[in-house]
Number of protein chains: 2
Amino acid sequence: MYQPTSTEENYLKAIYHLSNTGIKSVNTSSIATSMETTAASVTDMLRKLANKEWINYEKYKGVKITRKGEKVALGIIRKHRLWEVFLTNILEFEWDEVHHMAEELEHVSSEELIKRLDKFLGQPKFDPHGDPIPDQTGKMELHDKFNLSAGETGEKYIITGVTDHSTLFLKHLRKYGLLPGVTVSIAEIMDYDKSMLLKINKDKFHLSLEVSKNILIKKYVS
Amino acid sequence: MYQPTSTEENYLKAIYHLSNTGIKSVNTSSIATSMETTAASVTDMLRKLANKEWINYEKYKGVKITRKGEKVALGIIRKHRLWEVFLTNILEFEWDEVHHMAEELEHVSSEELIKRLDKFLGQPKFDPHGDPIPDQTGKMELHDKFNLSAGETGEKYIITGVTDHSTLFLKHLRKYGLLPGVTVSIAEIMDYDKSMLLKINKDKFHLSLEVSKNILIKKYVS
DNA sequence: TACTATTTTTAGATTTGTCTAAATTAATAA
DNA sequence: TTATTAATTTAGACAAATCTAAAAATAGTA
């Protein structure tokens, strides 16, 4: 129906993420925080998005994304994550370097370009951070991730993603080789501060709760 | 000094092209035509570009691009042409399909991205249309091209580019396999309308002057 | 319930890039 | 050289996205 502007795409993406991964209700101020803008700007934009039927919005009552809006958001997320795969796998960037570039590339409009990029990359199901890539219809694999901080001593796990996507955190993990796909086992969990001793092959690392809380894992099945 | 907006980049690119490949002086209306906008909008923008020292501009006296402006323009042209190579060589688009996508991709800002893309593509010197790709400093190969319409009977030539970049023309050439890099020989030139009989390997084509005037060639050296 | 604090919206401005219509300057031709 | 035509610039307005400050609505609490 309508063609979203880059800004509208960014708002819809933020609203989608807040709706799904966030815990709190999607209100004006949470959007303002995540977009690094003011509540007044958000209110203006919400009216526009509602006019175009991408969200349901009632003054003072918060926001709910519509099917149409979700479709737009998933399209952008698909582009973002595919470009991230391109940047890491093909152009050999590190996983903590690609986010900003993908933020620009995701707004390149051609659907055919994304279709071919997807094919060229071998139709990847996850991006370098372990986040699932929606297909053309918006569907994506959602495997049962849980927090490394909830792991148990002696158990083996595969890292599947992160909850903190900041460059600082990703760089930190890279130092220890803690990347999606890597197999780890928990050697010991300290009673005092819930920090843990982690094993990758023969190497051992000491990990604070702060860090383990932001790592997602799934059970290792041999 | 200043960071150009996408719009400013497009104006500088247009002015650069008019300065070099165009015959007429670079005046307000020629820019308006090539940008598909009004003379009034151009005047507004020229003042901005002059303030940022990318052009020299005196009211009613036309425009001359500065060193700084040329540097910006060549940077954009470099990105545009590298993305075109990516789209044709890697994603297997046809040469007449890539222009519009490259117009969007050229505004993605990361210099490091372009550096790596260039490396990944094998540091190509020409884009799919035979246009030279500037290096990081703005230098590019300028081999002595001339018009196919100025070619001589019996001579062998290599196609190096085109002067008409429209989709319609490029599609037309593609039908005959007349792409940059292809070797052709002129079998006959008709006295009456200057149309020519062209040979690629064993195939023969009849080409109007209209078409041959828009094809660039260089001498074949075995 | 009534008061206060917080959140949200409105009002009014700003910036960028655009437009149309009017005014001005330059170019052309009798 | 003067009159007419063409090109260019100015003036004023608009749309998108943003901001600050003020007003209005909601939520929390005594």
Side-chain angles (χ1 to χ4, degrees), chain A residues 1-15 18-19 22-65 69 72-73 76 103-104 106-107 109, chain B residues 1-15 18-19 22-65 69 72-73 76 103-104 106-107 109:
Chain A
M1 201 69 68
Y2 295 100
Q3 204 57 39
T5 65
S6 293
T7 313
E8 288 169 338
E9 289 179 340
N10 285 336
Y11 271 91
L12 287 170
K13 192 174 48 147
I15 292 167
L18 288 168
S19 306
I23 310 119
K24 315 181 206 177
S25 78
V26 182
N27 52 19
T28 305
S29 54
S30 63
I31 297 169
T33 304
S34 84
M35 299 281 300
E36 295 184 314
T37 184
T38 61
S41 303
V42 173
T43 301
D44 286 345
M45 180 56 79
L46 293 184
R47 228 192 319 268
K48 284 185 208 170
L49 296 178
N51 282 337
K52 294 178 179 171
E53 299 181 5
W54 289 318
I55 58 170
N56 290 316
Y57 168 60
E58 271 184 278
K59 287 198 325 190
Y60 298 105
K61 296 278 173 62
V63 163
K64 197 157 180 275
I65 197 162
V72 173
I76 298 301
E103 293 269 90
E104 291 188 59
E106 74 191 8
H107 300 295
S109 61
Chain B
M1 202 70 67
Y2 295 101
Q3 203 57 41
T5 65
S6 293
T7 312
E8 288 169 336
E9 289 179 341
N10 284 335
Y11 271 91
L12 287 170
K13 191 174 50 147
I15 292 167
L18 288 167
S19 305
I23 310 118
K24 315 181 204 176
S25 78
V26 182
N27 51 22
T28 305
S29 53
S30 63
I31 297 168
T33 304
S34 85
M35 299 281 299
E36 296 184 312
T37 184
T38 62
S41 302
V42 174
T43 301
D44 286 345
M45 181 56 79
L46 293 185
R47 227 191 321 267
K48 284 185 208 170
L49 297 178
N51 282 338
K52 295 177 179 172
E53 299 181 8
W54 290 319
I55 58 171
N56 290 316
Y57 168 60
E58 271 184 279
K59 285 196 329 188
Y60 298 103
K61 296 279 173 64
V63 163
K64 200 159 178 275
I65 198 164
V72 174
I76 298 301
E103 293 270 88
E104 292 189 60
E106 73 191 9
H107 300 296
S109 61

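Just so you know, these numbers come straight off a predicted model, no measurement behind them.
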By the 4.0 Å heavy-atom rule, please label B/S41 as base, sugar-phosphate, or nothing.
base

Can you name the residues that form a side-chain hydrogen bond (donor to acceptor under 3.5 Å, both in side chains) with B/T33, not counting sequence neighbours?
none

Comparing A/Y60 and A/A40 on DNA chain D - which has the more 5′ nearest nucleotide:
A/A40

Looking at B/T38, I'd like to know whether one of its side-chain N or O atoms comes within less than 4.0 Å of OP1 or OP2 on C/dC19.
yes

Which of the following nucleotides, C/dT18, C/dT9, C/dG17, is nearest to the side chain of B/E8?
C/dG17

Distance below 4.0 Å between B/T5 side-chain N/O and C/dT16 OP1 or OP2
no

Does the side chain of B/Y11 get closer than 4.0 angstrom to OP1 or OP2 of C/dT18 through an N or O atom?
yes

Nearest-Å distance for atom pair CD/P, residues B/E36 and C/dC19
11 Å

Kindly indicate whether the side chain of A/Y2, heavy atoms from C-beta on, has any atom under 4.5 Å from the side chain of A/W54.
yes

For the pair A/E9 (side chain) and A/H107 (backbone), establish whether a donor and an acceptor sit closer than 3.5 Å, ignoring hydrogens and angles.
no

Map A/K61 and B/T43 onto DNA chain D by nearest heavy atom, then report which one ends up closer to the 5' terminus.
B/T43

Between atom CG in B/N10 and atom P in C/dT16, what is the gap in whole Å?
17 Å

First and last nucleotide of DNA chain D in contact with chain A, 5' to 3', at under 4.0 Å to a heavy atom: what are they?
D/dA16 to D/dT26

Between C/dT9 atom C1' and A/D44 atom CG, what is the distance in whole Å?
9 Å

A/S30 versus A/N27, side-chain donor and acceptor atoms under 3.5 Å
yes

Where do B/V63 and B/L46 land on the side chain to side chain contact (heavy atoms under 4.5 Å, CB included) test, with the steps shown first?
CA-CA 8 Å; B/V63 163; B/L46 293 185; 3.6 Å; yes

I need the OH-C1' distance between A/Y57 and C/dT9, as an integer number of Å.
7 Å

Verify the contact: side-chain N or O of A/S29 to OP1 or OP2 of C/dT8, cut-off strictly under 4.0 Å; return yes or no.
yes

Please identify which of these residues, A/K52, A/K13, A/K48, A/Q3, meets the side-chain hydrogen bond (donor to acceptor under 3.5 Å, both in side chains) condition with A/E8.
A/K52

Side-chain touch A/L49/A/I65, heavy atoms, less than 4.5 angstrom
no

For atom CE of B/M45 and atom P of C/dG17, their distance in whole Å:
4 Å

Once you round it to whole Å, what is the distance between C1' of C/dG17 and CD1 of B/I31?
16 Å

Under-4.0 Å side-chain N/O to phosphate OP1/OP2 contact, A/T28 with C/dT9
yes

Please state how far atom CG in A/L46 lies from atom P in C/dT10, giving the value in whole angstrom units.
11 Å

